[in-house]
Amino acid sequence: MKDHDTLCRKLGYTFQNPALLKAALTHRSIRGDNNERLEFLGDAILNCVIAAAIFQQCPKAHEGELSRLRAHLVNGETLATMAQEFELGNYLRLGAGELKSGGARRKSILADALEAIIAAIYLDSGQNMVVCQERILSWFATRLEQVTELSRQKDPKTYLQEYLQGRKIQPPIYTVLSVEGAAHEQTFHVECRVDTLSHVTEGVGDSRRHAEQVAAKKYIEWLEKHE
């Protein structure tokens with residue numbers, strides 16, 4: 001078996017029971033024990049830790065937004081990228097067929113192995129969730145720093161719609177108040193209101209959509225200020 005000292009240094013964790021790490025790196029193409037059960041457990045632990053981190057970091061985000069952010073962070077593509085950063089492919093135990101077909105580079109296999117390693121750390125540490133949390137948050141530190149920015153990347157109309165929906169408030173209504181200028185150079189004035197709330201905002205833009213986005217952004221800012 002390949003020496004795992006370098007991998008453990010990258011992971012930031014030294015296994016008391018190396019057999020757990022070996023199992024986590026063993027693909028089902030190898031006969032006998034493999035990492036499928038560990039993957040199942042690791043997936044649950046990872047989602048729990050990341051969900052808690054986002055919950056604390058984004059206190060104003062509603063359920064739909066929290067789910068979107070977690071899905072952005074915890075997905076096969078991201079996990080495969082992280083596995084590549086750890087060079088997990090060099091340590092995977094694969095059957096002859098998978099080796100021949102490039103399984104060590106396959107994203108799904110890499111992602112599954114990383115989740116299995118999380119479970120292996122959990123079991124090796126005596127089912128210590130704090131130890132797992134520390135490792136996961138360390139691995140995701142840079143990506144978690146971008147969460148607040150990610151939450152703003154959605155266009156204001158969609159963000160406002162989901163914000164209200166998450167609080168069981170009626171959706172916003174946009175009304176064109178006026179259109180000024182020649183056909184090729186118009187300026188739109190649009191109102192945004194919510195029937196069950198007292199506030200109204202107005203947006204101005206060179207298209208109806210742009211004006212609605214401006215009005216929605218103003219409404220979001222008002223809601224977050226007065227929540």
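Both backbone and side-chain heavy atoms feed into the values below; hydrogens, waters and symmetry mates do not.
Listed by first and then second residue, the salt bridge (charged side-chain N to carboxylate O under 4.0 Å, His left out) pairs that reach into residues 103-121 are Glu77-Lys107, Glu98-Arg106, sequence neighbours excluded. Sorted by first and then second residue, the salt bridge (charged side-chain N to carboxylate O under 4.0 Å, His left out) pairs with a member in residues 170-184 form an empty list; sequence neighbours excluded.
Listed by chain and number, the residues in a ring pair (Phe, Tyr, Trp, His ring centres under 6.0 Å) with His199 are Tyr219, Trp222 (sequence neighbours excluded). Under the salt bridge (Lys or Arg N to Asp or Glu O under 4.0 Å) criterion, Arg28 pairs with Glu36, sequence neighbours left out. For the side chain to side chain contact (heavy atoms under 4.5 Å, CB included) test, residues two or more places apart in sequence or in another chain that qualify with Ser207 are Arg209, His210. Under the rule for a side chain to side chain donor-acceptor pair (under 3.5 Å), the partners of Thr78 that lie at least two apart in sequence or sit in another chain are Asn75. Partners of Ala216 under the side chain to side chain contact (heavy atoms under 4.5 Å, CB included) rule, at least two apart in sequence or in another chain, are Pro156, Lys157, Leu160, Tyr174. For Glu191, the salt bridge (Lys or Arg N to Asp or Glu O under 4.0 Å) partners at least two apart in sequence or on another chain are Arg193. Residues satisfying the salt bridge (Lys or Arg N to Asp or Glu O under 4.0 Å) test with Lys218, not counting sequence neighbours, are none. Residues satisfying the side chain to side chain donor-acceptor pair (under 3.5 Å) criterion with Glu85, sequence neighbours excluded, are Arg143.
Checked by atom type, the side-chain pair Arg70/Ser67 shows no donor-acceptor distance below 3.5 Å.
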### Task
Starting from the C-alpha separation in whole Å, work towards a yes-or-no answer on side chain to side chain contact (heavy atoms under 4.5 Å, CB included) for Ile136 and Ile50.
CA-CA 8 Å; Ile136 291 169; Ile50 294 299; 4.0 Å; yes
### Task
Please test Leu110 against Gln84 for side chain to side chain contact (heavy atoms under 4.5 Å, CB included), starting from the C-alpha separation and ending with a verdict.
CA-CA 7 Å; Leu110 289 168; Gln84 289 167 345; 3.8 Å; yes
### Task
Evaluate side chain to side chain contact (heavy atoms under 4.5 Å, CB included) for Leu144 paired with Gln57, printing each intermediate quantity in order.
CA-CA 9 Å; Leu144 280 167; Gln57 196 164 321; 4.2 Å; yes
### Query
Please walk me through it: do Trp139 and Phe86 pass side chain to side chain contact (heavy atoms under 4.5 Å, CB included)?
CA-CA 10 Å; Trp139 300 346; Phe86 292 136; 3.6 Å; yes
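At distances below 3.5 Å, at least one donor-acceptor pair connects side-chain atoms of Ser101 with backbone N or O atoms of Gly97. No donor-acceptor pair closer than 3.5 Å links the side chain of Arg208 to the backbone N or O of Val176. Not one N or O on the side chain of Thr26 forms a donor-acceptor pair closer than 3.5 Å with the backbone of Asn35.
Considering all non-hydrogen atoms of both residues, Ala111 and Gly76 come closest at CB-O, 3.8 Å. Contact record, Ala211 with Gly205: CB-N, 3.6 Å, taken as the closest heavy-atom pair. Residues Cys58 and Leu69 approach most closely at SG-CD1, 4.1 Å, considering heavy atoms.
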Going by atom type alone, with no hydrogens or angles, which donor-acceptor pairs under 3.5 Å involve a side-chain atom of residues 41-49 and a protein atom two or more places apart or on another chain?
unit_1, atom_1, unit_2, atom_2, d
Asp43, OD1, Asn47, ND2, 3.2
Asn47, ND2, Asp43, O, 2.9

Let me check something: any side-chain donor-acceptor pairs from residues 122-131 under 3.5 Å, sequence neighbours excluded? List them with distances.
unit_1, atom_1, unit_2, atom_2, d
Asp124, OD1, Gln16, N, 3.2
Asp124, OD1, Asn17, N, 2.7
Asp124, OD2, Tyr13, OH, 2.5
Asp124, OD2, Gln16, N, 2.9
Ser125, OG, Ile121, O, 2.9
Ser125, OG, Tyr122, O, 3.0
Ser125, OG, Asn128, N, 3.3
Asn128, OD1, Val130, N, 3.0
Asn128, OD1, Val131, N, 3.3

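A distance of 9.0 Å separates OG1 in Thr175 from CD in Glu212, rounded to the nearest 0.5 Å. The structure places CD1 of Ile117 at 11.0 Å from CG of Leu79, a figure rounded to the nearest 0.5 Å. Atom OG1 of residue Thr14 and atom NE2 of residue His4 lie 13.0 Å apart, to the nearest 0.5 angstrom.
Cation-pi geometry between Arg167 and Tyr163 is satisfied (NZ or CZ under 6.0 Å from the ring centre, within 45° of the ring normal).
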